[in-house]
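For reference, the structure is listed below as structure tokens.
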Amino acid sequence: MPAPRTPAPPGTPAAGPRRELTAREAEALRALLAARAAGRPGTKRPATRTGSRRRKRTARRRTLRARLRGPWRTRLLVVGLATLLVPALSVLLAPTTSAPGSASVAGDPARLALAARSTLLQDADAYRRLQAEIGARRAQLTDATAAAQAARAAVAAERGTVGAAAADLYRAPATGRMPVLALDADAPGTTSGVLYLQALADRADGDREAAVVRARRAAATAEAAEERVATAQAALDGATAQARTLLAGVRETAGDLGLDVAAQLAALDTVPAAGEQQARNAAALQRWQASLAELASAGIEPPPAAELADPTRLPDGFSPALDAAGQAVPGVAWAVAGNHPVTVLPAETVAAVSSALSLAGRPYAPGAAGPDGFDCGGLTAAAWLLAGYDLPATAAGQWASAAVVPATQLQVGDLVVSDGGSDVGLYLGEGEVLGASAATYRVGVRPLPDDARAVRVTVPAPAQPNAPLPATASGRGACGAPPPPAGPVSPAWGGWGNGRIPVEALCPIARGHALRCDAAAGYAALAAAYEAQFDRPLCITDSYRSMTAQVDAFRRKPALAAVPGTSNHGWALAVDLCGGINVAGTPQWRWMTENAGRFGFVNPDWARPGGEKPEPWHWEFGTLL
């Protein structure tokens, strides 16, 4: 997909002389300036249409600011000091982007961003719990429905039996219903036969009565089953309504952030990357913050997504955004900032992009949607959930469930899907995408893929799911994972040096221990299988070693420890285990040699019995050089 050519992309204008406006841009600019001169500036909204909503939004923002005092401090502490210290430092170091006079107290947008972030995260967690409850309720409803169907079938069968017996009895002659009536004093030889037939008739009467009782019981069982279905349906409907209400509340909170708060939110939780990746991440963040600052300085307030979905029914003061072919772009609009048109995104998109950028530098973890790690679908789903939209957790699911966007209408916030639907990221403009990569094991900014297709979240979804994308020939796997290597691989990753990896870039595996996130996932599965086998936790003594720790270990144990800067512990891909595993030949060691490979861990050749330096306790994730 070529880079988009929408005439008014959001973001700061490039340094140097401003480019010449196209004819369409000039025409749109004249129309907007004429509207401003007529008393309908693009930075204001008519009181007749939006005055009530503005008052409500102002009241909600005052409530958000009030939360900074009193009980709100307790709520902030709930997220933990470890969560807040790094964001707070990031905020202090991030440039302020609010317009002059937008905050009465210096740093207030940063404090509001912390408060809003905490609120959004808590509500998102509550929504995920409700989704889990909805899944359980749906399973209960399925079971109850199946039981009710079985009960109805049993009722039908018992009623059929009773009906058939009643019909046979009705058609039978009197002596068939009551054989004793056939007794004849003049024929004493028939008495025994008649009495036998009467006994059979009595037994049949008993069977019919039993069938009637069974039918009644089956009917009672079916009625109870129907009540359970109704109860399960009501519980499911209640949980669904609660989730819908909560999601609407998240969307409302996201829409009320304000541009200054959204700009600070984008810098809250970023984790430093290495080298060129850090420069690219920082440039994207600064470009986004500058874009928000430009809107704020012009007094332009992003409307809710619902007001921008239809280009023919935009709020006063906004005009349709046009692509290079002059086609209106749904979901965004143009307004005037100073003397040039700018693209205005929905308030929810602003919140989603800011939330996504705040996760830059976080580690990649397969199948994860936070908070410690993300895969590509988990990252975009998490970012949009904080904006009030519930997306599928996979790239393919997100492609199928949102509105397709032509290449010429690509906008910031769109989901960019590539590699045949196995990878997804969030478009940032300027030909860049933010995504969680299985190639770099990081959340970071990267170029727009050549085979990218895009969907937009904030416009109505298609009635039918989009057709799956054709398979890719790139050979990459989920989230851009490179093809499996044929032999041993370099343990280096992320661009950091050995022992120089930030702790925030790792995933915890045990108290005081951490690994690269894919290795951490493998370790967690290994530990669960080990505990199931031996009924005790997997014992670990060492994992990631910083350079300082490597120097200390080499000083204390020069014969055992690797030269500082060469240990695979320094790549966060090795562990030292104990509890019997550290002794070759024990049941624990034998179990590891037979099973650890299923979870990606090996005891390297040099560390095996008879190897160059036997260390039965040393296990590495993958076959490393």
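Scope of the values below: all heavy atoms of this structure, side chains included, with no hydrogens, waters or symmetry mates. We count residues from 1, following the sequence as given.
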Test side chain to side chain contact (heavy atoms under 4.5 Å, CB included) applied to L359 and L434, step by step: CA-CA 10 Å; L359 301 174; L434 178 74; over 6 Å; no

Atom pair CG (L379) and CZ (R362), whose distance is rounded to the nearest 0.5 Å: 11.5 Å

Contact summary for D375 and C479, nearest pair of heavy atoms: CB-SG, 4.0 Å

Nearest atoms (heavy-atom pairs only) where V271 meets Q278: O-OE1, 4.2 Å

All side-chain hydrogen bond (donor to acceptor under 3.5 Å, both in side chains) counterparts of D535, not counting sequence neighbours: none

Validation row: P449, V433 side chains within 4.5 angstrom (heavy atoms): yes

Minimum side-chain heavy-atom gap N498-W571 below 4.5 Å: yes

Heavy-atom closest contact (R536 atom, Q588 atom, distance): NH2-NE2, 2.5 Å

Verdict with reasoning, Y389 to T458, per side chain to side chain contact (heavy atoms under 4.5 Å, CB included): CA-CA 8 Å; Y389 288 84; T458 56; 3.9 Å; yes

Exam field: side chain W399 to backbone A467, donor-acceptor pair closer than 3.5 Å: yes

pair L415-L391: side-chain heavy atoms closer than 4.5 Å: yes

Side chain proximity check, L426 to W384, heavy atoms < 4.5 angstrom: yes

Nearest atoms (heavy-atom pairs only) where L560 meets E615: O-OE2, 3.5 Å

From Q411 atom CD to L345 atom CG, the distance as rounded to the nearest 0.5 Å: 6.5 Å

Mutual orientation of the aromatic rings belonging to F534 and Y530 [parallel < 30°, tilted 30-60°, perpendicular > 60°]: tilted

Side-chain donor or acceptor of E348 paired with backbone N/O of A387 under 3.5 Å: no

Inter-residue atom distance L246.CG - D123.CG, 0.5 Å rounding: 5.0 Å

Flag side-chain contact, heavy atom, 4.5 Å: L428 against R287: yes

Side-chain ion pair, R280 and E276, N-O less than 4.0 Å: no

Partners meeting side-chain hydrogen bond (donor to acceptor under 3.5 Å, both in side chains) with N595 (sequence neighbours left out): R598

Contact check, side chains of V250 and L120, non-hydrogen atoms, under 4.5 Å: yes

D451 side chain vs D419 backbone, donor-acceptor pair below 3.5 Å: yes

Side chain to side chain contact (heavy atoms under 4.5 Å, CB included) between S354 and W288, worked out: CA-CA 8 Å; S354 289; W288 174 247; 2.9 Å; yes

With F621 via ring-ring contact (aromatic ring centres under 6.0 Å, His included) - residues at least two apart: F601

Evaluation steps, side chain to side chain contact (heavy atoms under 4.5 Å, CB included), between T623 and V489: CA-CA 7 Å; T623 304; V489 298; over 6 Å; no

Parallel, tilted or perpendicular: rings of W606 and H618 (30°, 60°): tilted

Closest contact, heavy atoms only, A436 versus F374: CB-O, 3.6 Å

Any donor-acceptor pair under 3.5 Å from R590 side chain to G585 backbone: yes

Side-chain donor or acceptor of R608 paired with backbone N/O of N603 under 3.5 Å: yes

Interatomic distance, Q533 atom CD to W591 atom CH2 [nearest 0.5 angstrom]: 7.0 Å

pair L506-P363: side-chain heavy atoms closer than 4.5 Å: no

P392 to Q398 - nearest heavy-atom pair and separation: O-NE2, 2.9 Å

Under 3.5 Å: donor-acceptor pair, side chain of T142, backbone of R138: yes

CG-OG distance between L573 and S567, expressed to the nearest 0.5 angstrom: 10.5 Å

Any H569 side-chain heavy atom under 4.5 Å of D576 side chain: yes

N/O donor-acceptor pair under 3.5 Å between N281 side chain and A279 backbone: no

Separation of K557 NZ from D552 CG (nearest 0.5 Å): 9.0 Å

